[in-house]
Structures are given as structure tokens and as C-alpha cells.
Protein chains: 2
Amino acid sequence: MFKELDPLLHSQLRLAIMSLLMSVDSAEFTFIKEQTGATAGNLSVQIDKLSEAGYIEVTKSFKGKKPLTTCAVTKKGLSAFENYVNALKQYINK
Amino acid sequence: MFKELDPLLHSQLRLAIMSLLMSVDSAEFTFIKEQTGATAGNLSVQIDKLSEAGYIEVTKSFKGKKPLTTCAVTKKGLSAFENYVNALKQYINK
DNA sequence: ATAAAGTAGTTTATAAAATAAACTAAAATG
DNA sequence: CATTTTAGTTTATTTTATAAACTACTTTAT
């Protein structure tokens, strides 16, 4: 039987966000937006979902006078990502 | 920028169907149902979608007196699957 | 000084998808 | 011969993804 694919991660945009965050300490909203090509609205929604699941930590502050949203993956998020990748391999490795 | 993940394949059940079909010549509806744990209704719908996209070929016949639906991956499906796996690697390989 | 345009997002509405429930039709079973 | 089972399909509901519209503030130009 096939392992279940965490629906929170099995989404192109959320997976891209997580993928990005895997390789950095933290990333700004605008950077993620650029890298993923997502609209701000969509990104905002998906970041919220990852945040509410405890997969990422979102910090809102200011860069000078502009709002600054920074995201970083949590231990829980890292573990979920690894699990997801692991499950996925069952589907794609021949 | 991240490559797009073929939405037809980026679905747990459809991906499982394709994954199964990759390793066999053809598979019966009931076999796919057992292996994936999907409900018949859901499976029927997803098989239709893959079929309409030309990713699989569906043959309806009879085994004795019972209806028999058989599925096999097409060249197009194989290529789409390979493309999908390739794109996916961009997300999950660190 | 203020109107216009840009930045950094959030909220809400809509479109698309996944899934299950209800249904059909025939066959096997008791 | 009535009930259950098999093999599916169709339809309805729920969930999701996504974009459009909006908010709040800042920078630039006049």
C-alpha cells in the first residue's frame, strides 16, 4: 500500500516554499515571492498554512520603515519534509 | 525558478495509479483499487482524467460475464511521468 | 504639500480539485 | 427468487488553490 503524502506539503507552492527554506537560515517574504513566482496573495495564504501547522516560523518586523516578514523552517517542518520526501520516493522510484 | 509540477500527476491517487502502471504491462481496475486503497468512485474519476489526458489507455471488456476495465500507461504518460519526477527532484533534492 | 505610484503584505471571492455518497446493472449465493 | 456481492459510473459535497480586490504605509514627482 502507498504511504500517504502529507497534504500540507503535497502542494506545488508550499513545497517550493519549504524547499527554499531547507537551504537557508531564513528567508524574507519578498525573496520567496521572487523565487517561487507566486502572487503575494497566494504566498501569504500558503505561508499562513505552513505556519499554523508549525512547519515554519514567521517573524514580522520592519526593515527601516517597511514591513518585513521572515520565514524559517522549524524542527517539525524539517521532519515533515523528510517524511514527505521519503513517502514520495515510494511513488517515483520505479 | 521552480519548474511546474504537472497538476495531473501531482495528485496522490493519480500518482499512485501511474506509479503502479509503470511497473506492469497493464493492470485491472480492481487491482489498482486494492493497491491504492482508493474508493471505486474516486478511482473511476481519476482514471478518467488520466485517460482523457492520454496518459493511460483504458480498455473495457469482460472477464467471463463481469465487466473488466484494464489500464496501461501510454508513451505520452511515460514521458509525462518522467518529466514530473525530474521536476520534482528540483524540490526535494536539498 | 500633495497627488500618484510603488511596496509589502492581508482578506475575500472564485475556480478547480479531490473525495465520498448514491446509484446502476448484472452476477453469484443461499 | 430475494439478498448480497461485484464492478463499476454519476452526482454532490467538501476542500484547496489561486487570483482579485483591498489595506496601510512609503517613495517619488510636481
Taken to the nearest whole Å, NZ/B:K63 to C1'/D:dA7 is 10 Å

- At under 4.0 Å between heavy atoms, what does A:L43 touch on the DNA or RNA strands: base, sugar-phosphate, or nothing? nothing

In short, salt bridge (charged side-chain N to carboxylate O under 4.0 Å, His left out) pairs touching residues 14-42 of chain A with sequence neighbours left out are A:E28-A:K63

Once base and sugar-phosphate atoms are separated, protein heavy atoms under 4.0 Å mark nucleotides 17-28 of chain C, 5' to 3', with B, S and - as SSBBB-----S-

Here the distance between atom P of D:dT27 and atom CZ of A:F62, to the nearest Å, is 12 Å

With sequence neighbours left out, the residues meeting ring pair (Phe, Tyr, Trp, His ring centres under 6.0 Å) with B:Y84 are B:H10

Open item on the list: Between A:V58 and A:I47, is there a side-chain heavy-atom distance shorter than 4.5 Å?
Closed with: yes

| query | Would you say the side chain of A:F2 lies within less than 4.5 Å of the side chain of B:L20, judging by non-hydrogen atoms? | reply | yes

In whole angstroms, the gap separating P of D:dG8 from CZ of B:F31 amounts to 14 Å

Across all chains, not counting sequence neighbours, the side-chain hydrogen bond (donor to acceptor under 3.5 Å, both in side chains) partners of A:N86 are none

Base, sugar-phosphate or nothing for A:S44? Non-hydrogen atoms, less than 4.0 Å.
base

Rounded to whole Å, the CD-P distance (B:E28 to D:dG8) equals 8 Å

From CZ of A:F29 across to P of C:dT7 the rounded distance in Å is 14 Å

Whole-Å distance, B:I47 CD1 to D:dT10 P, equals 13 Å

A:E34 CD to C:dT7 C1', in whole Å, measures 12 Å

Note to self: Looking at A:E57, I'd like to know if its CD atom is crowded, meaning that more than 12 non-hydrogen atoms belonging to other residues, nucleotides or ligands lie closer than 6.0 Å.
What the structure shows: no

Separation between CG (A:L88) and CD (B:Q12), nearest 0.5 Å, reads 10.0 Å

- Query: What nucleic acid atoms does A:T69 come within less than 4.0 Å of, heavy atoms only: base, sugar-phosphate, or nothing?
  - Reply: sugar-phosphate

Close side-chain approach of B:Y55 and B:V73, heavy atoms under 4.5 Å:
no

For B:N42, the side-chain hydrogen bond (donor to acceptor under 3.5 Å, both in side chains) test, sequence neighbours excluded, returns B:Q46

Rounded to whole Å, the CG-P distance (B:L5 to D:dT18) equals 10 Å

Within residues 50-58 of chain A, the residues having a heavy atom closer than 4.0 Å to DNA chain D are none

